[in-house]
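Below is one structure, written out as structure tokens; comments come after it.
Letters A, B, ... are given to chains in the order of the sequence lines, protein chains preceding strands, and every chain is numbered from 1. Because the structure is predicted, anything quoted here is derived from the model rather than measured.
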There are 2 protein chains.
Amino acid sequence: MFAVENLYLINQVIRMRQNPTLKKIAERLNVSISTVSRALKDHPDISPETGRKIKELAELLEYDPNPYAVNLRTHSSREFAIVVPSLSNFFYHSFIGSIEEEARIYGYSVVIYRSSNDAKIEQEILKSCRHKRVSGIFIAITSETDDMEPFLKMDVHGIPVIFFDKVPQYESCNKICVGDEHAALLAAEEIIRKDIPNILGIFGDPNMSITRARLQKFATVLQQNGSAVHLKTVHARSSAEAEQITLSLLPEWMDKKFAVFCMSDEILAGAMKAIQRKGLRAPADLGVIAISDGMIPLLFYPEITYAETSGSKLGKLAFSRMMRCIAGSSFAQTIIDESKLVVGGSI
Amino acid sequence: MFAVENLYLINQVIRMRQNPTLKKIAERLNVSISTVSRALKDHPDISPETGRKIKELAELLEYDPNPYAVNLRTHSSREFAIVVPSLSNFFYHSFIGSIEEEARIYGYSVVIYRSSNDAKIEQEILKSCRHKRVSGIFIAITSETDDMEPFLKMDVHGIPVIFFDKVPQYESCNKICVGDEHAALLAAEEIIRKDIPNILGIFGDPNMSITRARLQKFATVLQQNGSAVHLKTVHARSSAEAEQITLSLLPEWMDKKFAVFCMSDEILAGAMKAIQRKGLRAPADLGVIAISDGMIPLLFYPEITYAETSGSKLGKLAFSRMMRCIAGSSFAQTIIDESKLVVGGSI
DNA sequence: ATTCTCACCGCAAACGTTTGCGGTAACATT
DNA sequence: AATGTTACCGCAAACGTTTGCGGTGAGAAT
């Protein structure tokens with residue numbers, strides 16, 4: 001008596017614990033597993049009658065195919081990986097958010113990896129992606145990544161790789177980048193429009209390609225403008241350094257009409273701190289303009305005018321490129337996302 | 001001749017494309033699959049000699065077990081899920097980062113899901129987690145989540161759930177929360193220490209438990225302090241609303257010695273905009289103090305004094321709780337993370 | 001009555017692991 | 001010489017799916 005009750009209980013528990021499988025549905029309906037499998041995907045070989053019954057029961061039991069079994073059989077994971085150097089960055093968040101949104105629609109899930117800007121960790125992540133047979137990889141590489149071989153290996157394994165934001169030099173791969181030149185152009189044009197003669201341009205690490213691109217274009221546009229614009233450029237490797245530099249430079253600019261240009265959010269944060277510290281206010285005492293992902297500029301009053309580099313737009317572009325790769329397009333392409341000027345009131 | 005060459009090529013490609021498996025290693029070494037499997041996990045039944053050879057070859061071929069096959073067999077995915085209402089939030093980033101870091105050490109990977117604060121999507125995510133048999137779930141629930149049933153279902157399936165930050169009322173589950181009361185206490189104490197008689201307290205949506213907790217404690221501590229502190233509390237549901245309210249209230253406070261308390265980063269951002277707009281400066285014109293995750297306060301000069309609610313610390317706590325659950329601890333616990341005061345210069 | 005179509009369905013192998021169980025030598029114990 | 005022990009290793013089933021192929025019965029065509 002006790003034993004029977006016990007067994008019943010155990011069965012109950014097992015029933016509860018286990019997800020329904022094809023086999024269970026098949027047994028309940030006295031058909032074969034293959035029939036159930038086919039019915040669930042509307043295979044023409046299945047009669048309408050049988051199909052209906054199977055689908056009804058599957059619905060009732062909340063059947064969902066076991067993704068691991070499916071993958072083992074078909075090698076398709078319906079899972080994307082996004083690899084970024086860091087998560088503390090508004091740009092990547094909006095990128096991730098945008099990919100995630102699209103992926104949901106197509107029934108994919110998204111795994112997010114953080115390389116901590118460490119090439120070693122990046123390698124490990126790539127390996128794990130290979131073994132997990134992800135459907136595709138979106139990656140912003142670390143600043144020290146120089147070996148393309150792991151990425152080519154992905155290709156051999158049939159896993160498409162879309163580089164975004166931080167992309168390698170290597171030509172024939174899919175890259176989706178921010179329009180560095182275009183953003184710099186927009187900022188420079190706004191400065192010219194406001195007719196400001198003196199510019200303090202604060203840029204990032206001169207070794208980064210993004211710095212070179214933005215600086216070069218920014219300088220060129222200002223120079224091309226007939227009137228003599230005086231541009232002084234400095235480099236800061238961190239927010240704190242940007243603050244320091246700005247702080248030490250501000251005094252000598254105070255007697256002229258001038259503006260500060262910050263090439264990134266990080267630098268903007270530092271520069272704004274120095275500006276506040278000196279008790280200055282835009283746009284009365286100076287102009288401020290930046291290239292930004294669009295969060296920091298909104299924290300100040302007046303809001304900072306900036307050329308936006310939109311992560312979510314980049315995400316959409318990257319995703320559609322990815323889908324094309326999955327559909328079989330083997331051809332590599334570099335897409336550059338144009339920027340747009342968001343006018344605050346700081347210049 | 002051509003055919004032979006062709007075949008060779010095809011074989012090459014196939015060799016390249018396919019990850020090494022137990023079977024391949026076994027064939028190369030003329031041993032059985034079981035032996036390889038056991039050797040790779042140092043099973044005592046395997047002779048040192050055989051073990052060495054197998055491990056060497058496995059190393060050479062960069063063998064890694066196919067996670068899908070392993071899961072199918074063992075039902076262990078070594079994969080955690082983190083579910084958050086939104087990604088645009090510094091607190092969640094640092095939480096995610098911290099979980100991810102720990103997980104890497106233990107050989108787990110992390111999937112991040114975003115519920116968009118929508119209970120429907122949250123449901124779907126949970127279902128997908130169940131079917132993927134994730135090893136565990138960290139979740140900050142949406143504000144509309146009221147049904148505990150899906151979570152209990154997880155338990156039945158043997159998937160531990162750790163609630164963090166936004167947790168349900170329900171008693172017997174694992175919750176890791178920010179010490180709302182403690183943070184409010186720290187802020188209030190600092191205000192008392194600075195001997196400021198008038199306080200404008202800006203709080204969030206009065207229906208949120210977090211608001212109630214912070215408000216209640218904050219008010220109580222101020223009241224308990226013998227000297228008569230005047231506290232006016234207002235509620236804002238967004239950054240913009242906080243700005244509006246602050247803007248309209250500031251004029252009437254200008255003639256007194258006062259401070260603004262912001263219960264969150266969102267509100268702080270709005271309030272600071274109003275303060276800048278009025279041309280006021282802390283700490284000369286007014287005091288500013290907040291409860292924050294620690295990013296926004298650093299953008300201003302002087303930096304805002306705040307009681308920190310650390311996502312990364314919460315992550316560490318949540319992770320160790322998770323590991324204990326996986327190890328078999330069935331007992332539920334609520335952990336509250338104490339806050340700490342970070343002194344800027346705004347009060 | 002024989003053959004041909006078709007619509008419908010099941011068999012069985014395969015994906016790559018893990019693991020209980022059983023087997024075989026070699027050597028030590030009676 | 002028979003038995004026991006020990007160290008090593010392989011067989012085979014199972015996890016849940018997908019899919020090529022072959023089979024059955026019913027009706028149509030010859």
Side-chain angles (χ1 to χ4, degrees), chain A residues 14-15 17-55 57-58 61-79 107 128 130-133 157-158, chain B residues 14-15 17-55 57-58 61-79 107 128 130-133 157-158:
Chain A
I14 290 178
R15 282 256 170 68
R17 282 186 65 99
Q18 287 181 350
N19 287 321
T21 67
L22 291 184
K23 197 205 271 192
K24 273 182 222 144
I25 298 182
E27 278 167 0
R28 283 261 258 269
L29 259 37
N30 278 325
V31 293
S32 75
I33 295 179
S34 350
T35 303
V36 179
S37 173
R38 291 195 173 97
L40 259 22
K41 32 175 70 76
D42 289 316
H43 191 286
D45 265 10
I46 305 300
S47 76
E49 170 68 6
T50 321
R52 193 187 46 74
K53 277 199 296 193
I54 291 178
K55 282 193 268 188
L57 185 57
L61 299 181
E62 292 189 322
Y63 169 81
D64 239 26
N66 179 322
Y68 297 96
V70 173
N71 177 279
L72 193 58
R73 199 36 239 266
T74 64
H75 293 185
S76 102
S77 65
R78 296 196 85 72
E79 179 170 290
S128 141
R130 242 177 37 229
H131 291 131
K132 287 184 67 174
R133 290 202 185 87
H157 283 256
Chain B
I14 289 178
R15 281 256 169 67
R17 281 187 64 98
Q18 285 182 351
N19 288 320
T21 66
L22 290 184
K23 196 204 268 190
K24 274 181 220 144
I25 298 182
E27 279 167 0
R28 285 263 258 268
L29 258 34
N30 278 324
V31 292
S32 76
I33 296 179
S34 348
T35 302
V36 179
S37 173
R38 291 196 174 99
L40 259 22
K41 34 174 70 76
D42 290 316
H43 191 285
D45 265 10
I46 305 299
S47 75
E49 170 69 5
T50 321
R52 193 186 46 72
K53 278 198 296 196
I54 291 178
K55 281 194 268 190
L57 184 57
L61 299 181
E62 291 189 320
Y63 170 81
D64 238 26
N66 179 322
Y68 296 94
V70 173
N71 177 281
L72 194 57
R73 199 35 238 263
T74 66
H75 293 184
S76 102
S77 64
R78 298 196 84 75
E79 180 170 289
S128 141
R130 244 179 32 230
H131 292 130
K132 287 184 68 175
R133 290 205 188 86
H157 283 255

K41(A) NZ - dT17(D) P separation (whole Å)
9 Å

Relative to the 5' end of DNA chain D, which residue comes earlier, P48(B) or L72(B), by the nucleotide with the nearest heavy atom?
P48(B)

Counting only N and O atoms by type, is there a donor-acceptor contact under 3.5 Å from the side chain of T74(A) to the main-chain atoms of V70(A)?
yes

Measure the distance from CG on D42(A) to C1' on dA7(C) and round it to the nearest whole Å.
16 Å

Once salt bridge (charged side-chain N to carboxylate O under 4.0 Å, His left out) is applied, what residue pairs with a partner in residues 42-53 of chain B remain, sequence neighbours excluded?
D42(B)-K55(B), E49(B)-R52(B), R52(B)-E56(B)

Atom pairs, protein N/O to nucleotides 4-7 of chain D N/O, distance under 3.5 Å:
none

Tell me: CG of L29(B) to P of dC8(D), nearest whole Å?
17 Å

What distance do I25(B) atom CD1 and L40(B) atom CG have between them, rounded to the nearest 0.5 Å?
6.0 Å

Any chance you could measure N66(B), atom CG, to L22(B), atom CG, to the nearest 0.5 Å?
9.5 Å

Regarding the side chain of N66(B), the nearest nucleotide among dT17(C), dC15(C), dC15(D) is dT17(C)

Could you state the atom-to-atom distance from CG of L22(B) to P of dC15(D) in whole Å?
19 Å

CD1/I33(B) to OG1/T21(B) distance, rounded to the nearest 0.5 angstrom?
7.0 Å

Take atom NZ of K23(A) and atom C1' of dT17(D), then tell me their distance rounded to the nearest Å.
12 Å

Separation of atom CG in N30(B) from atom P in dC9(D), rounded to whole Å
13 Å

Measuring from the side chain of Y63(A) (C-beta onward, heavy atoms only), which nucleotide among dC9(C), dT17(D), dC15(C) has the closest atom?
dT17(D)

Y68(B) OH to dG16(C) P, straight-line distance once rounded to whole Å:
13 Å

NA contact type, S37(A), heavy-atom cut-off 4.0 Å: base, sugar-phosphate, or nothing?
base

Roughly how far apart are E62(B) CD and R130(A) CZ, rounded to 0.5 Å?
5.5 Å

Quick one: closest heavy-atom pair of I54(A) and A39(A), and the distance?
CD1-CB, 3.6 Å

If I take atom NE2 in residue H43(A) and atom P in nucleotide dT17(D), what distance separates them, rounded to the nearest angstrom?
17 Å

Value for NZ (K132(B)) from OG (S77(B)), rounded to nearest 0.5 Å, stands at 8.0 Å

Just the table, please: protein N/O against nucleotides 11-14 of chain C N/O, every pair under 3.5 Å.
from	atom 1	to	atom 2	distance (Å)
dC11(C)	N4	S34(A)	OG	2.8

For Y63(A) versus P20(A), what's the shortest heavy-atom pair and its separation?
CD1-O, 3.3 Å

